[in-house]
2 protein chains.
Amino acid sequence: MAVTIRDVARESGVHVSTVSRTFSAPHLVNAETRTRVLAVAEGLGYRPNRAARALTTGRTHNLGLIVADIANPFFPPLIKAAQAQARERDYHVFVADTDEDPLLEQELIETLCKQVDGVLLCSPRLSNRVIERLRAQVPFVVVNRRLKGLTTVLMDVGQGARAAVEHVAGLGHRRMALLSGPAGSWTSGEMRQAATDTAAEHHMELSVLGPNEPTEHGGLAAAGAVAASGVTAVLCYNDLVALGLIEGLRQRGLGVPDDVSVIGVDDSLPGRLSRPKLTTITMPTAAAGRMAVDLLLATISGSAGTAGPAPHTTARLETGLVIRESTQRVSSP
Amino acid sequence: MAVTIRDVARESGVHVSTVSRTFSAPHLVNAETRTRVLAVAEGLGYRPNRAARALTTGRTHNLGLIVADIANPFFPPLIKAAQAQARERDYHVFVADTDEDPLLEQELIETLCKQVDGVLLCSPRLSNRVIERLRAQVPFVVVNRRLKGLTTVLMDVGQGARAAVEHVAGLGHRRMALLSGPAGSWTSGEMRQAATDTAAEHHMELSVLGPNEPTEHGGLAAAGAVAASGVTAVLCYNDLVALGLIEGLRQRGLGVPDDVSVIGVDDSLPGRLSRPKLTTITMPTAAAGRMAVDLLLATISGSAGTAGPAPHTTARLETGLVIRESTQRVSSP
DNA sequence: GTGAAAGCGCTAACAT
DNA sequence: ATGTTAGCGCTTTCAC
């Protein structure tokens, strides 16, 4: 096996507890001793075993991060930011992909929860009921899902959707469609609500088409319905759906933005790099990842002190509309 | 605290060791007892504490996955496949991002190695020397880097690069450029070698431009040099660079593929969804992720049995060329 | 087939 | 400031 605390203790002529303290409570040990122990540890290549430490402290210094689909470009920036923030705080993070499957999501939470101090649930597809039950086992922070009594980080996509509809209304469009996302998605519900309200305010006709698979295939598959509906503008669940839709429209001889204006959500890499560049609702994914980690860590240290119910916060992050090339003034109103 | 093995033992009227056996060696316990214990465990919501188990067995059932940049679309499919495969084998995976920083990469390996049974190093930027030293601490599998004595999974990008140059040669191009990647990248070296050789065989002139940042910014920044060089075809380090280059070329009034043919590497989502659709070298990222996990797991169980040097394999995965819309016959030869 | 006991690497009272 | 002791949750000889 590897070098343990005992090896360091023997080598430096002190008791194991002194070595332990050198690492977990340095101020409690004589500066001279500390230096010596540190030197020996360095020389031996000693690294504290975090699992063993977790056994006594009850803190694993690990976090779980559960997402619906790592390959969906919405998530990588969030994952990247979350693990960077966690590392900053001396935490490591397990990343797990649920493949958009609620059952797998639950299963993952349950197996992971014994190994982590808390879990970050991003855009969960799980029912509120199940989440409620699970939260007894491990502290949660949920991203993009509203849940009473739980700490949540919300990206205010409603605000972006409102701006999007107004943008399109200002361009003279009178009939638009909303390509909604997966049934369990909070984001999709928010978008629908905001879009419906705003469309009404502007006396626009809005058709909701969906649910759609949150990928380019979903958008491609919806192209027929969009074409048939005769709308001149479409707000899509995300950039991928928008990009797929644009492709499908093109296959039907419909150009974007000439014949139809299309708006996505996420401001993802593919949208930025595509032609026409996608008009899209920006989502503060990196900020959400960092904030979620900080809130989770706060919840964790908080729940250690008090026996009462965990404190809960709702952080609401702003979204915005980036107008690029996939929207333009309606040609035939 | 949560429910432990002892709670289950008390509740089901057996000794803790019997409960332990029920989970880790079921065949050693009476079927009837087993059923009862399992029922009680289920009822109590008992989940074995893997960290505690790791303390005695020496197996954490965790893996580390280290990548240069989660947000680079090359990695997500690999990460997704790797963690799915790991889960299948009852392993969890820590994902860490090095931000293309060799020092951080080393740091991460060192802190992670005590918590995992092995680490997957993807496209490492670390020097061979350091990797050699680190491998004593923890089993490795390296993706896209050649290292004697180490188990590696290689994507044969040379093969794809050869096909790409031949494709371009067949289209009548006589002068092409290679936009190389980061200095430490094995992939970049392989591409360069293959492209140089193949270009020579076809009496083409090849200029190597780089190193370039492996992102769209790298490609954008290289556009000036490419335009100045007067080449009619460019093979880029990856799709992002290619997409950035296309944008930069466009800003200079150069169209793709009309004026310049551009080829990427990765067959990533942005490349598939962009206009023109990117001609690119496909990389078997998902397969590599799965295979790397399996090889790592094999190394781990292998190294448990024998005290000798760990076995090493080199898996070479095929790449291919997908011809799409960003390449065409040269206009002014 | 099951129980008893020791111990994995570490921390946390409690002594001194 | 440092040593002693007990124990975290689990596995694993070793008896029976």
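Just so you know, these numbers use all the heavy atoms, side chains as well, and skip hydrogens, waters and symmetry mates. Chain letters run A, B, ... following the sequence lines, proteins first, then strands; residues in each count from 1.
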### Query
Around atom CZ of A:Arg89, are there more than 12 heavy atoms of other residues, nucleotides or ligands at under 6.0 Å?
yes
#### Entry: Between C1' of D:dT12 and CG of B:Leu28, the distance in whole Å
11 Å
#### Entry: Whole-Å gap separating C1' (C:dG7) and CG (B:Leu55)
9 Å
### Task
Could you verify whether a donor N or O on one side chain and an acceptor N or O on the other, from B:Asn128 and B:Arg145, lie under 3.5 Å apart?
yes
### Message
What's the closest nucleotide to the side chain of A:Arg53 if the choices are C:dT2, C:dC10, D:dT11?
### Response
C:dC10
Protein-nucleotides 3-6 of chain C N/O pairs under 3.5 Å:
residue, atom, partner, partner atom, Å
C:dG3, OP2, B:His15, N, 2.8
C:dG3, OP2, B:Thr18, OG1, 2.6
C:dG3, N7, B:Ser17, OG, 3.4
C:dG3, N7, B:Arg21, NH2, 2.9
C:dG3, O6, B:Arg21, NH1, 3.3
C:dA4, OP2, B:His15, NE2, 3.4

#### Entry: Euclidean distance, atom CG of residue B:Asn30 to atom C1' of C:dG1 [Å, nearest integer]
7 Å
### Task
Would you kindly give the CZ-to-P distance between A:Arg10 and C:dC10, to the nearest whole Å?
13 Å
### Task
Taking the six-membered ring for Trp and the full ring for Phe, Tyr or His, determine whether the centres of B:Tyr46 and B:Phe23 are under 6.0 Å apart.
yes
### Query
Reckon B:Thr56 has a side-chain N or O less than 4.0 Å from the OP1 or OP2 of C:dG7?
no
### Query
Going through the distances and angles, do B:Thr22 and B:Leu38 end up as a side-chain contact (heavy atoms from CB on, under 4.5 Å)?
CA-CA 8 Å; B:Thr22 306; B:Leu38 249 22; 3.6 Å; yes
#### Entry: A:Ile5 CD1 to C:dC10 P, straight-line distance once rounded to whole Å
5 Å
### Task
Could you pick out which residue, B:Lys114 or B:Arg34, lies toward the 5' side of DNA chain C when each is mapped onto its nearest nucleotide?
B:Arg34
Which atom pairs, donor and acceptor, lie under 3.5 Å between side-chain atoms of residues 64-77 of chain A and protein residues at least two apart or in another chain?
residue, atom, partner, partner atom, Å
A:Asp69, OD1, A:Ala71, N, 3.0
A:Asp69, OD1, B:Lys80, NZ, 2.7
A:Asn72, OD1, A:Phe74, N, 3.0

### Summary
Atom CD of A:Glu32 and atom P of D:dA1 are separated, to the nearest Å, by 13 Å
### Derivation of the side-chain contact (heavy atoms from CB on, under 4.5 Å) call for A:Val153 and A:Val141
CA-CA 7 Å; A:Val153 176; A:Val141 165; 4.2 Å; yes
### Query
What nucleic acid atoms does A:Phe23 come within less than 4.0 Å of, heavy atoms only: base, sugar-phosphate, or nothing?
nothing
### Query
Within this structure, what is the CD-to-C1' distance between A:Gln115 and D:dC10, rounded to whole angstrom?
14 Å
### Phosphate contact (C:dT2 OP1 or OP2) by B:Thr33 side-chain N/O below 4.0 Å
yes
### Message
Distance check needed: D:dC8 C1' versus A:Arg50 CZ, whole Å only.
### Response
18 Å
#### Entry: Donor-acceptor pair between B:Gln115 and A:Asn62 side chains, under 3.5 angstrom
yes
